[in-house]
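We use all heavy atoms of the structure for the numbers below, so side chains are in, but hydrogens, waters and symmetry mates are not. Treat the numbers as computed from the prediction; the structure is a model and nothing was measured.
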Amino acid sequence: LVTITGADDNTNHSELIEISKKYPFVEWGILFSPTRNDKGEPRYPTIDWVNKFKKDVIAHNFTKIDSFMTNGFDLGRNEIMILVSAHICGGYTKELLEGNNGLIKEKLNKVYSHLFLNRSQWNFNSSKNEVHEAFYDILNFHLNGRIILQFNKTNYDLCQKVIKKNNPNIHFLYDGSGGRGVLPNNWKGVVPNHFTGYAGGLNPENLEEALINIERSVGNNEIWIDTETGVRTDDKLDLDKVVRFLEIAKKYV
């Protein structure tokens, strides 16, 4: 699985659908913030753009939803379903850490219910925000879907606590870069019993070598990779770079 994060209003959403048809292992990570989407900032699409993308995705996926909900990632190789994940940021995750998911229910629930059948990623720095015990209750409440947590130095203690729950619906993303496009010094092994992802500085120029190095660390375990900054030009998602990235990655799928 390859996650491409950061489509926004400068991205042709119809082209994303066509790329997914050719590379069915791609997942589009859509960023959400309580303030940035309203402004249409780079990497944060407006809700109007999201709704148009959502319409295209639903039109394509409608006949496959029952199969997906039953089989999840185990869709047959001939199933071409558009995969999309919500990446929740800023005030949304601050509220989640405080044990309140009201903002998500109020502003994103309609989008979630039809578009983000795949996964959602909760982006936060738990060292800068108090983590209430109710956060773990919310995490469990959402486990009918798959939740991605960023496993890095700032979230280490929180992730260790979640790992002890041993629920495979929690996925972990190693990403010390945080969207800054910086390659790590080394690639860690997978989190036992959890689908594990890798991000940080990946781009079409270094992906081949990075995948060889990642493979040395993960062995035969299935993983996913995520790129954001590495497929942008002038802070716009560059679909030519995206296709080059996916062409390299497909040899490892």
Side-chain angles (χ1 to χ4, degrees), residues 2-17 19-20 26-57 82-98 100-116 118-129 147-150 152 154-155 173 175-183 197 199-204 225-243 245:
V2 176
T3 303
I4 305 292
T5 302
D8 56 31
D9 282 34
N10 291 306
T11 309
N12 185 324
H13 51 82
S14 297
E15 289 188 44
L16 301 187
I17 303 295
I19 291 173
S20 287
V26 67
E27 173 190 77
W28 303 106
I30 308 299
L31 291 162
F32 286 97
S33 159
T35 57
R36 292 181 174 181
N37 296 94
D38 290 343
K39 299 175 183 177
E41 292 185 11
R43 311 187 190 204
Y44 292 84
T46 61
I47 298 303
D48 181 60
W49 184 96
V50 172
N51 284 332
K52 291 176 181 177
F53 181 45
K54 165 183 165 182
K55 183 179 179 180
D56 287 349
V57 171
I82 313 303
L83 302 178
V84 188
S85 58
H87 291 219
I88 309 303
C89 310
Y92 289 129
T93 49
K94 185 176 185 296
E95 290 238 345
L96 288 169
L97 291 172
E98 292 172 351
N100 180 0
N101 64 349
L103 271 177
I104 287 181
K105 285 184 176 180
E106 176 186 346
K107 294 193 72 174
L108 296 182
N109 188 51
K110 290 183 180 179
V111 177
Y112 265 120
S113 62
H114 296 289
L115 182 55
F116 301 109
N118 188 26
R119 305 191 292 174
S120 63
Q121 178 171 311
W122 298 0
N123 296 331
F124 52 77
N125 181 337
S126 62
S127 69
K128 293 184 178 180
N129 298 279
I147 306 299
I148 305 166
L149 299 179
Q150 292 176 307
N152 49 36
T154 59
N155 294 330
L173 176 69
D175 181 15
S177 176
R180 292 177 290 114
V182 181
L183 275 171
L202 296 173
N203 61 53
I225 56 174
D226 183 302
T227 187
E228 185 175 333
T229 302
V231 288
R232 303 186 77 80
T233 300
D234 298 327
D235 207 15
K236 297 178 181 178
L237 189 63
D238 186 327
L239 297 185
D240 289 334
K241 287 184 178 179
V242 167
V243 170
F245 193 89

**Study point:** From CG (D38) to OH (Y44), nearest 0.5 Å
**Key:** 13.0 Å
Point to revise | Worked check of side chain to side chain contact (heavy atoms under 4.5 Å, CB included) between N155 and L149 | key: CA-CA 9 Å; N155 294 330; L149 299 179; over 6 Å; no
Review point. Mind checking whether F124 and L97 have side chains closer than 4.5 Å, heavy atoms only?
Key: yes
Exercise for review: Calculate, to the nearest 0.5 Å, the distance between atoms CD1 and CD1 belonging to I82 and I19 respectively.
Suggested key: 10.5 Å
**Study point:** Residues that R232 engages under salt bridge (Lys or Arg N to Asp or Glu O under 4.0 Å), provided they are two or more places apart
**Key:** D8, D235
Review point. Which residues satisfy the side-chain contact (heavy atoms from CB on, under 4.5 Å) test with K55, sequence neighbours excluded?
Key: none
Point to revise | Full working for side chain to side chain contact (heavy atoms under 4.5 Å, CB included) between H87 and T93 | key: CA-CA 10 Å; H87 291 219; T93 49; over 6 Å; no
Study note, to complete from the structure: For residues 82-91, the salt bridge (charged side-chain N to carboxylate O under 4.0 Å, His left out) pairs (sequence neighbours left out) are none
Check your understanding: Does E41 have any side-chain hydrogen bond (donor to acceptor under 3.5 Å, both in side chains) partners at least two apart in sequence or in another chain, and if so, which?
Key -> none
Review point. Taking only residues two or more places apart in sequence, or in another chain, which ones meet N37 in a side-chain hydrogen bond (donor to acceptor under 3.5 Å, both in side chains)?
Key: none
Review point. Do the side chain of D234 and the main chain of K236 share a donor and acceptor less than 3.5 angstrom apart?
Key: no
Check your understanding: Quick one: does K54's side chain get under 4.5 Å of I47's, heavy atoms only?
Key -> no
Check your understanding: Do T3 and R119 touch side chain to side chain, with heavy atoms closer than 4.5 Å?
Key -> yes
Exercise for review: Applying side-chain contact (heavy atoms from CB on, under 4.5 Å), name anything that partners K241, two or more places apart in sequence or on another chain.
Suggested key: P204, V231, T233, D238, R244
Review point. Does E15 have any salt bridge (Lys or Arg N to Asp or Glu O under 4.0 Å) partners at least two apart in sequence or in another chain, and if so, which?
Key: none
Study note, to complete from the structure: Rounded to the nearest 0.5 Å, the CH2 atom of W122 sits from the SG atom of C89 at a distance of 13.0 Å
**Study point:** With T11 via side-chain hydrogen bond (donor to acceptor under 3.5 Å, both in side chains) - residues at least two apart
**Key:** none
Review point. For D9, what residues pass the side-chain contact (heavy atoms from CB on, under 4.5 Å) criterion, not counting sequence neighbours?
Key: P45, T46, W49
Study note, to complete from the structure: In terms of heavy-atom contacts, N203 and G230 come closest through CB-O, 3.4 Å
Review point. At their closest point, which heavy atom of L83 faces which heavy atom of V26, and how far apart are they?
Key: CB-O, 3.6 Å
Review point. Does the pair I4 and L16 meet the rule for a side chain to side chain contact (heavy atoms under 4.5 Å, CB included), with working shown?
Key: CA-CA 10 Å; I4 305 292; L16 301 187; over 6 Å; no
Point to revise | Side-chain ion pair, D48 and K52, N-O less than 4.0 Å | key: yes
Exercise for review: Start with the C-alpha distance between S85 and E27, add both sets of side-chain angles, then the distance that settles side chain to side chain donor-acceptor pair (under 3.5 Å), and finish with yes or no.
Suggested key: CA-CA 7 Å; S85 58; E27 173 190 77; 3.2 Å; yes
Exercise for review: For F32, check ring-ring contact (aromatic ring centres under 6.0 Å, His included) against everything at least two apart and list the hits.
Suggested key: F116
Exercise for review: Please name all residues satisfying side-chain contact (heavy atoms from CB on, under 4.5 Å) with S127, sequence neighbours left out, ordered by chain then number.
Suggested key: N125, T154
Review point. How long is the span from the NZ atom in K39 to the OG atom in S33, to the nearest 0.5 Å?
Key: 8.5 Å
Exercise for review: Identify the two heavy atoms, one from L237 and one from G6, that lie closest to each other, and give their separation to 0.1 Å.
Suggested key: CB-O, 4.4 Å
Point to revise | Check: L31 and E228 side chains under 4.5 Å, non-hydrogen atoms | key: yes
Practice item. Scan V242, T5, V57 and name whichever one has a side-chain contact (heavy atoms from CB on, under 4.5 Å) with W28. Key: V242
Point to revise | Non-neighbouring partners of Y92 that pass side-chain hydrogen bond (donor to acceptor under 3.5 Å, both in side chains), sequence neighbours left out | key: none
